[in-house]
Amino acid sequence: MDATEIGLWGVPLAMLGGAIRVSTPFIFVSLGEAITERSGRINLGLEGTLVFGAMTAYAVAVMTGSPWLGLLAAAAAGLCFGLFHGWICKFRGVNDIAIGIALMLFGSGLAFFFGKPFIQPSAPDLPAIPFGGWSDVPQVQAALSVNVLFLIGAALAVFLWWAFRNTRAGLILRVVGDSSDAARAMGLNPNTVRLLATGLGGALAGIGGAYLSLYYPGSWTEGISSGQGLMAVALVIFARWNPLGCFAAALLFGGAGALGPALQSVGVTQGYYLFYAAPYILTLVIMIATSSPSRSLAGAPGELSITK
C-alpha cells in the first residue's frame, strides 16, 4: 500500500478503529439497560454508575497495578448502585425515573469527591489484541488493534439475544417486564426479578466505565463520560430493546464519534467542533426519523414507565 492509497483509506480506517474504540462503553451500558428495561424498569442513573465505575476502576488499578482488578471493582461498584436503585424502586409510589436522576447526580458527585487524588497518577491499561499485525501499515495496525472488552461485548450481545428467546431466565424476564400480574400468577416475584436485572445492568455499566478510564481515553477526569450513560438509554429505545440492535446502534454512534478525529487526521480542520457533534446530531435525526405515534414504542415492555 503506497502513500496515495494510505491517504485514500486513511479516513475509513480511522473511522473503523474509532467506531470500535468509542462504541465499547455504549455496548456495555446499553446491554445492561436492555436487561433492566426488559424487566419493566428504567434506570436513568447509569450515567452516574458509568462515571463512578470509571473512577473505581482507575483508582484500584493505580493502587494494585492490575487493570483486571480495576475492572472487577468497577463491576462490583456498578452492581451495588444497581441493587440500591432496584431496592428503592420496589416501594410503592416511588418513581424509578426520579430515583434514577437522583442516583445519576449522586454517583457523579461521589466519583468526583473520591477521584480527586487519582487525576494525576497513571494506571495500567487494559490489553488490546493486534489483529492488524499482518500489515506493516501503521493505520491498519491502529484500526485493527481491538480491546478485549469489545470482543466480550459483541459475544454478550449475541448471547443475550439468544437468551431472551430461548432460556427460562429470558422468559421470566420478559414475563415480568410485560405484566406483573401474569408474573405473580406464575409464582414469580416481580420485585426480586427487577432487583436482579437492575443490579446486573449496573454491573455492565460499571464495566463500561472501566473501559473509559483504563483504555480509551485511558485516564480519569471528571468529564470522562460526556453523557454516554444517558445516550445509551436512548440507544436501547432506538434498538427496540434488542441486544443485537444495541450492538449495532453502539457501533453506529461510535463511527459518528470517530468522524471528527478521522477527518482531522487527513488535514480537514474546518468545522472542528461540528464534527464532534456528529454522533449527537445523528442520534437525534435517527430517533425522529424512526419514531411515529404508532410504532415509536413497538416492542417496549408493558410495565416500563415510559409506556404508561
Side-chain angles (χ1 to χ4, degrees), residues 27-46 49 75-76 78-104 155-207 229 232-247 249 290-308:
I27 292 171
F28 280 94
V29 181
S30 62
L31 290 178
E33 180 64 7
I35 295 172
T36 301
E37 293 192 14
R38 280 280 191 164
S39 74
R41 174 167 293 149
I42 188 169
N43 184 2
L44 295 184
L46 291 181
T49 304
L79 176 65
C80 291
F81 268 80
L83 291 176
F84 184 57
H85 182 279
W87 175 75
I88 293 177
C89 290
K90 76 175 184 178
F91 295 107
R92 184 180 299 275
V94 174
N95 185 284
D96 54 359
I97 294 178
I99 293 298
I101 295 174
L103 288 180
M104 175 183 66
L156 182 61
V158 175
F159 171 76
L160 289 177
W161 172 80
W162 172 82
F164 283 166
R165 291 163 172 76
N166 300 283
T167 66
R168 184 172 184 272
L171 174 63
I172 290 174
L173 194 71
R174 289 187 290 116
V175 169
V176 170
D178 286 334
S179 173
S180 295
D181 292 336
R184 293 189 185 96
M186 294 175 60
L188 301 173
N189 186 331
N191 287 330
T192 300
V193 174
R194 288 175 185 143
L195 175 69
L196 296 175
T198 309
L200 182 55
L204 292 178
I207 292 174
V233 176
L235 289 183
V236 174
I237 300 173
F238 168 56
R240 298 296 187 262
W241 297 270
N242 185 324
L244 292 182
C246 291
F247 180 78
T290 59
S291 296
S292 69
S294 60
R295 64 182 294 271
S296 60
L297 294 179
E303 293 290 327
L304 203 60
S305 299
I306 60 175
T307 65
K308 297 182 176 180

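Just so it is clear, the model here is predicted, and its values are computed rather than measured.
Between Arg41 and Thr198 the shortest heavy-atom distance is CD-OG1, 3.5 Å. Residues Val29 and Ala232 approach most closely at CG1-CB, 3.5 Å, considering heavy atoms. For the residue pair Asn43 and Glu33, the shortest heavy atom distance occurs at N-OE2, 3.1 Å. Pairing each heavy atom of Ala205 with each of Leu46, the nearest pair is CB-CD2, 3.7 Å. The shortest non-hydrogen separation linking Trp87 to Leu195 is N-CD1, 3.5 Å. The two residues Leu200 and Leu79 make their nearest non-hydrogen contact at N-CD1, 4.3 Å.
Residues satisfying the side-chain contact (heavy atoms from CB on, under 4.5 Å) criterion with Ala163, sequence neighbours excluded, are Phe159, Thr167. Phe28 pairs by the ring pair (Phe, Tyr, Trp, His ring centres under 6.0 Å) definition with nothing, not counting sequence neighbours. For the side-chain contact (heavy atoms from CB on, under 4.5 Å) test, residues two or more places apart in sequence or in another chain that qualify with Ala183 are Val175, Val176, Leu188, Pro190. Every residue two or more places apart in sequence or in another chain that forms a side chain to side chain donor-acceptor pair (under 3.5 Å) with Arg194 is listed here: Ser180. Residues satisfying the side-chain contact (heavy atoms from CB on, under 4.5 Å) criterion with Ala197, sequence neighbours excluded, are Ile35, Ser39, Leu173. Arg165 is linked by a side-chain contact (heavy atoms from CB on, under 4.5 Å) to Trp161, Asn242, counting only residues two or more places apart in sequence or in another chain.
For the pair Met186/Ile172, no side-chain contact is recorded, criterion being any heavy-atom separation below 4.5 Å from C-beta on. Put simply, the side chain of Leu204 reaches to within 4.5 Å of the side chain of Leu156, judged on heavy atoms.
Looking only at distances, no side-chain donor or acceptor of Arg38 sits under 3.5 Å from a matching main-chain atom of Gly177.
Heavy-atom contacts from other residues, nucleotides or ligands closer than 6.0 Å to CZ of Phe164 number more than 12.
The CD1 atom of Ile42 lies 10.0 Å from the CG atom of Asn95; values are rounded to the nearest 0.5 Å. Rounding to the nearest 0.5 angstrom, the gap separating the CG atom in Leu196 from the OG1 atom in Thr36 is 11.0 Å. To the nearest 0.5 Å, atoms CD1 (Ile99) and CG (Asp96) are separated by 9.0 Å.
Annotation: salt bridge (charged side-chain N to carboxylate O under 4.0 Å, His left out) contacts involving residues 170-188, sequence neighbours excluded, comprise Asp181-Arg184.
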### Task
Evaluate side-chain contact (heavy atoms from CB on, under 4.5 Å) for Cys246 paired with Ile27, printing each intermediate quantity in order.
CA-CA 7 Å; Cys246 291; Ile27 292 171; over 6 Å; no
